[in-house]
Amino acid sequence: MRIDLHTHSSVSDGTDRPDVLVRRAKTAGLDVVALTDHDTFEGWSAALAAGEETGVEVVPGVEISTELRGHGVHLLGYLVDPADRALADELARVRADRRTRLARIAAALTAAGMPLDVADILTGSPDAATVGRPHVADAMIAKGYVHDREEAFAWWLSVGRPGYASKYAPPIGEAIDLVHAAGGVCVLAHPWGREGARRALGPSSIEALRDHGLDGIEVDHQDHNPAARRALRGLAGELGLVITGSSDYHGTGKADHELGVNTTAPQEWERLRSLAKDARGG
Ligand code: AMP
Ligand code: FE
Ligand code: FE
Ligand code: ZN
């Protein structure tokens with residue numbers, strides 16, 4: 001059983017359409033794949049239909065932008081009810097602020113000598129229900145300002161760089177509550193993947209999130225080195241948290257994140273499923 005619980009399609013900042021992503025998951029030998037686009041459920045129906053066709057089990061998921069002590073933290077939600085109003089409204093709020101943020105980023109890049117407007121960004125990402133900095137990077141590539149997303153982030157779009165702008169995100173505790181109220185389970189995405197988030201997510205912070213109801217942590221991720229994986233695995237064991245491993249696939253948008261490059265053990269996936277059943281009250 002090969003299980004990959006974190007992937008992105010062109011509905012957010014991946015480059016494959018959701019149905020194409022599921023076909024690629026089949027080719028990659030995956031039995032279970034979760035679609036976890038940023039802040040939207042938009043790709044679910046196409047992915048689930050492709051799952052029916054190919055025999056790959058598609059898990060509906062979402063990667064929620066949240067905030068903890070001023071740092072952006074990503075929370076994976078699985079098996080939530082998409083009709084739950086409170087969660088859907090909060091995600092809509094995040095997506096709306098991401099749109100107004102594009103104008104702030106475009107203005108900052110223009111001031112830095114790289115003329116860009118919001119229309120340039122939106123025409124280059126017609127499928128995206130959720131827009132983000134990777135789409136800005138793609139527009140910069142199209143204009144010949146940078147060679148790839150990596151270069152765009154390193155010089156212009158990362159925190160502290162001239163083209164960075166913050167966005168609205170709910171406090172992580174609130175997001176955990178919303179996921180549970182919508183009948184789902186939540187896993188902390190790549191907790192030690194980026195310096196900022198790593199500072200905010202020391203062992204005591206993760207313990208506090210566990211006390212708040214966090215269900216699991218993503219241990220095996222390309223942004224975690226072997227020492228980080230060992231430490232997080234130990235911590236998850238002590239705290240009784242589910243351990244996942246996933247690719248965080250973005251198509252051609254991110255190198256070294258091929259489908260199935262990290263996987264989740266079947267018994268850990270089973271734990272998440274039964275916790276989701278409990279969240280739904282049976
Ligand atoms: P945003 O959602 O607009 O804040 O942008 C963050 C997203 O950009 C993350 O979810 C990653 O998918 C992507 N990202 C972050 N750093 C890089 C990078 N160095 N190269 C390519 N994509 C990146
Ligand atoms: Fe992403
Ligand atoms: Fe993420
Ligand atoms: Zn992701």
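For ligands, and for the atoms within them, numbers begin at 1 and follow the listed sequence.
- The minimum distance between the Zn ion (ligand 4) and any N, O or S atom of H8 involves atom NE2.
- Within the cation-pi definition used here (under 6.0 Å to the ring centroid, within 45° of the axis), R93 qualifies as a partner of Y168.
- Evaluated for a side-chain contact (heavy atoms from CB on, under 4.5 Å) with V62, the options T36, T130, L91, T40 yield exactly one hit, L91.
- Ring geometry, Y78 versus W269: the interplanar angle exceeds 60°, so the pair is classed perpendicular (tilted spans 30 to 60°).
- Between R17 and D127, none of the side-chain N atoms (NZ, or NE/NH1/NH2) sits under 4.0 Å from a carboxylate O, so this pair counts as no salt bridge.
- L5 and L241 are assigned to two separate hydrophobic clusters, defined by single-linkage of ILVMFWY side chains at heavy-atom distances under 4.5 Å.
- Look at E53 and R23 and you find a salt bridge, because one of the NZ, NE, NH1 or NH2 atoms lies within 4.0 Å of a carboxylate O, short of that distance.
- Looking only at its N/O/S atoms, D248 has OD1 as the one nearest to the Zn ion (ligand 4).
- Closest to the Fe ion (ligand 2) among the N, O or S atoms of D13 is OD2.
- At a threshold of 2.8 Å, the Fe ion (ligand 2) has no backbone or side-chain N, O or S atom of H8 nearer than that distance.
- Protein N/O/S atoms closer than 2.8 Å to the Fe ion (ligand 3), listed by chain and residue number, are E63 OE2, H74 ND1, H190 NE2.
- Its N, O or S atom nearest to the Zn ion (ligand 4) is what matters here, and for H6 that atom is NE2.
- Side-chain contact check for T15 and T252: at least one donor-acceptor pair (N or O, by modelled atom type) lies under 3.5 Å.
- A distance-only check finds a donor-acceptor pair linking the side chain of D37 to the backbone of S9 [under 3.5 Å].
- Electrostatic pairing of R198 and E195 does not count as a salt bridge here, judged by no charged N lying under 4.0 Å from a carboxylate O.
- Nearest to the Zn ion (ligand 4), among the N, O or S atoms that E63 has, is OE1.
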